[in-house]
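Here the structure comes first, spelled out in structure tokens, and everything after it is commentary.
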Amino acid sequence: MVLIDGKKIAGEIRKEIADEVIETEKKLGRKPCLAVILVGNDYGSTLYVRNKEKACEEVGMRSIVQRLPEETTQQELLDIIDGLNKKDDVDGIMVQLPLPKHIDEATVVDAISPKKDADGLHTVSCGRLLQGKKGFLPCTPHGVIELLDRSGCEIEGKNAVVIGRSNIVGKPVALMLLARNATVTVCHSRTKDIGKITREADIVVVAVGKAGFLTADMVKPGAAVIDVGMNRKPDGKATGDVDFEAVREVAGYITPVPGGVGPMTITMLLYNTLESAKNNG
Ligand code: NAP
């Protein structure tokens, strides 16, 4: 069994990004720059934004963080995004989600210039992915594909099952696996007998948000199991959607939580920002 070390793989990619940042800085005459907008004081979001700032610094990128009060109006937020869209020295823009209830997330995400869509969640980026065109990929699904590739797990010709169909994880990861010539099945809350489907799978990606959802009896021996889930145990510790201790006895490849998909998400955000900066050069 291969334990896929997301921390190590993310570190390798960040090193590659850091090297390219040096080259890109020489061409642009400035550092590649990511702008992050945070609205409100949500504890988790504040922590994620701080980690993004730190990650930028680590790879030699500049970051701008706009921290806005909870009561910021949608129009105020749209005006700030418009200002960042127009700044030549800002390559990537992302708005930390979730937003307060009085703001429409889809409107805000689509207000970001498609050329600076660091999260890869803009309707234009999603459309390009659907059509198989080059573009910004959403970070977590892109991280899943990198984990499989860099662990030597073949995708082409394999049966892949994705559990979950959200716009940020399930649907895009399914499209990316399809683009890599896997035969893809997507399961969701209305799917009957998910175990019967996953037992046929060479690759299972679980993005449900329920601790212990994927049990050992649902996994074909030797299959690759990628756990996107991020749940809290009663003691506050992070846990995924996979019954890790039991499934690791059956799987051929498995990601732990923490230390699997998690470290990849910010890494692919840095990747998108660098790609945008290179396009600006
Ligand atoms: P989401 O929007 O809540 O979507 C969950 C999906 O799971 C939905 O498609 C839902 O089906 C499906 N589902 C729920 N209960 C199910 C069941 N009993 N059987 C089968 N499918 C079921 O969540 P998300 O944003 O995709 O995130 C999924 C998980 O990944 C969460 O734990 C989240 O915290 C984690 N996550 C981690 C990262 C990271 O960086 N590691 C990034 C993003 C998300 P329906 O569509 O039918 O409702």
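Counting from 1, the numbers follow the sequence of the chain as shown. Computed from heavy atoms alone, side chains included, the values below leave out hydrogens, waters and symmetry copies. One-based numbering, in listed order, for ligands and for the atoms of each.
Under the 4.5 Å side-chain heavy-atom criterion for Ile, Leu, Val, Met, Phe, Trp and Tyr, L99 and L68 are members of the same hydrophobic cluster. Connection of L121 to L84 is established within a shared hydrophobic cluster, with ILVMFWY side chains joined at heavy-atom distances below 4.5 Å, either directly or through further cluster members.
Distance from atom 47 (O) of ligand 1 to its nearest protein heavy atom, with residue and atom name: S189 OG, 2.5 Å. The protein atom (non-hydrogen) at minimum distance from atom 30 (O) of ligand 1 is V228 O, 3.3 Å. Nearest non-hydrogen protein atom to atom 12 (C) of ligand 1 is G164 CA, 4.1 Å. In this structure, the protein non-hydrogen atom closest to atom 17 (C) of ligand 1 is F213 CE1, 3.6 Å. Looking at atom 31 (C) of ligand 1, its nearest protein heavy atom turns out to be G209 CA, 3.7 Å.
For the atom pair N85 CG and K116 NZ, the distance stands at 6.0 Å (nearest 0.5 Å).
The ligand atoms of ligand 1 that sit less than 4.0 angstrom from a heavy atom of G262 are 41 (N).
Heavy atoms from other residues, nucleotides or ligands lying under 6.0 Å from CD of E57 number 12 at most.
A side-chain N or O of D79 and one of Q75 form a donor-acceptor pair less than 3.5 Å apart.
Contacts with ligand 1 closer than 4.0 Å are made by side-chain heavy atoms of T140 only, the backbone lying farther away. Only the side chain of I194 comes within 4.0 Å of ligand 1, counting heavy atoms alone; its backbone N, CA, C and O stay farther away. By the criterion of a heavy-atom distance under 4.0 Å, the side chain of K210, and not its backbone, is placed next to ligand 1.
The closest non-hydrogen atom to atom 39 (C) of ligand 1, taken over T265, V169, N231, V208, comes from T265. When the options G170, A207, S166 are ranked by their closest heavy atom to atom 6 (C) of ligand 1, first place goes to A207.
For a threshold of 3.5 Å applied to N or O pairs, the pair formed by M230 and ligand 1 contains at least one separation below that value. Every N/O-N/O distance between D241 and ligand 1 stays at or above 3.5 Å. At a 3.5 angstrom cut-off on N or O pairs, R165 counts as close to ligand 1.
Across L147 and G6, no two heavy atoms sit closer than the pair CD2-CA, 3.9 Å.
Residues meeting the ring-ring contact (aromatic ring centres under 6.0 Å, His included) test with H122, sequence neighbours left out: none. In this structure F136 satisfies the ring-ring contact (aromatic ring centres under 6.0 Å, His included) test with no other residue, sequence neighbours excluded.
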Working note: E275 + K278, criterion salt bridge (Lys or Arg N to Asp or Glu O under 4.0 Å); need CA distance, chi angles, decisive distance, verdict.
CA-CA 5 Å; E275 285 302 299; K278 282 167 31 187; 3.0 Å; yes

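Heavy atoms of I168 come nearer than 4.0 angstrom to ligand 1 in at least one pair.
One finds no salt bridge joining R30 and D88 here, because no Lys/Arg side-chain nitrogen approaches an Asp/Glu carboxylate oxygen to under 4.0 Å.
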